[in-house]
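Residue numbers count from 1 along this sequence. All heavy atoms count here, side chains included; hydrogens, waters and symmetry mates do not. Owing to the predicted nature of the structure, the values given are computational and were not obtained by experimental measurement.
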Amino acid sequence: MKDVYEAVPEFENEHYLFRFVKESDASDLLEVYSDKNALPFFNSDNCHGDNFYYPTTERMKEAINFWIKSYETKWFVRWAIVEKQKEKAIGTVELFHRDANDYFNNTALLRLDLKSSHEKAEVIEEVSGIILPSVCKLFNAKKIATKVPLYAIERMAAFKKLGFTKSEEFLVGGSDGYSYKDYWEKQG
């Protein structure tokens, strides 16, 4: 498998396609990131105060361009999740390798952002299941972690089915030193 920072692989199943995000996704992703019902499920831990609420096309394009630049600097990879039948992006997945002085060292951190209409256990399980088998190899990690807040009942059900367990450990932010909770993990 090629280095993910040399070529971003695509993943798909019958219903969804994962491909590298592009600026032309702005109108589709605006529906995700301006969705106030989806906002509580976005993981903005250690993101310098960004809560991922983008209410305008201009702000959405700025975010996408930041994601593309972050890929170029090898910070993280952000895929658009395209619903094939509608040919429309319904969310994104961000992944990166995390080196840290805490329990979540040598971990692939997964951030999953979906429209609130897709925040359902069966969708989360299907979408996540497309990329999960490749994550540890792609990001040279021993385990995968994702945030699942206590109120995220649908995510909890999906990630349990995918073999994740709730960790009692805190993720310590590299930029702010804050200890974040509600992480679920799965060994690679």
Quiz item: Are Phe139 and Val21 linked, directly or through other ILVMFWY residues, by side chains that come within less than 4.5 angstrom of each other?
Solution: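 Yes, it is one cluster - the side chains of Phe139 and Val21 are joined through contacts under 4.5 Å.
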Not counting sequence neighbours, which residues clear side chain to side chain donor-acceptor pair (under 3.5 Å) with [X]? List them please.
{"X": "Lys61", "result": "none"}
{"X": "Tyr180", "result": "Asp176"}
{"X": "Glu31", "result": "Lys88, Lys115"}

Quiz prompt | Within 6.0 angstrom of Tyr178 OH, more than 12 heavy atoms from elsewhere | solution =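 Incorrect, the count does not exceed 12.
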Quiz item: Around Lys160, counting heavy atoms of other residues, nucleotides and ligands shown, do more than 12 lie under 6.0 Å from its NZ?
Solution: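 Result for NZ/Lys160: open.
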Exercise. Not counting sequence neighbours, list each pair that qualifies as a ring pair (Phe, Tyr, Trp, His ring centres under 6.0 Å) and has a residue in residues 103-137.
Key: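 Passing the test, one end in residues 103-137: Phe104-Tyr183.
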Quiz item: Could you give all pairs that pass the side-chain hydrogen bond (donor to acceptor under 3.5 Å, both in side chains) test and reach residues 66-75, with sequence neighbours left out?
Solution: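 For residues 66-75: none.
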Quiz item: Where do Lys161 and Glu125 land on the side chain to side chain contact (heavy atoms under 4.5 Å, CB included) test, with the steps shown first?
Solution: CA-CA 7 Å; Lys161 277 190 165 181; Glu125 182 183 355; 3.2 Å; yes
Expected list for residues 144-158: side-chain donor-acceptor pairs under 3.5 angstrom, two or more places apart:
residue: Thr146; atom: OG1; partner: Leu110; partner atom: O; Å: 2.9
residue: Lys147; atom: NZ; partner: Asp45; partner atom: OD1; Å: 3.3
residue: Lys147; atom: NZ; partner: Asp45; partner atom: OD2; Å: 2.9
residue: Lys147; atom: NZ; partner: Lys181; partner atom: O; Å: 3.2
residue: Tyr151; atom: OH; partner: Pro40; partner atom: O; Å: 2.5
residue: Glu154; atom: OE1; partner: Ala121; partner atom: N; Å: 2.7
residue: Arg155; atom: NE; partner: Glu119; partner atom: OE1; Å: 3.3
residue: Arg155; atom: NE; partner: Glu119; partner atom: OE2; Å: 2.7
residue: Arg155; atom: NH1; partner: Leu112; partner atom: O; Å: 3.0
residue: Arg155; atom: NH2; partner: Leu112; partner atom: O; Å: 2.9
residue: Arg155; atom: NH2; partner: Glu119; partner atom: OE1; Å: 3.1

Quiz item: When you check the side-chain N and O atoms of Arg98 and Thr107, is any donor under 3.5 Å from an acceptor?
Solution: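 No, no side-chain donor-acceptor pair sits under 3.5 Å.
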Practice problem: Determine, for Arg19 against Glu10, whether the closest basic-nitrogen to carboxylate-oxygen distance falls under 4.0 angstrom. | Solution: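 No, no charged N to carboxylate O under 4.0 Å.
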Quiz prompt | Taking every non-hydrogen atom, the tightest pair across Asn51 and Leu39 | solution =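 So the minimum-distance heavy-atom pair works out to O-CD1, 3.1 Å.
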Quiz item: Would you say Asn106 and His97 make side-chain contact, with heavy atoms under 4.5 Å?
Solution: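 Contact flag for Asn106/His97 side chains = yes.
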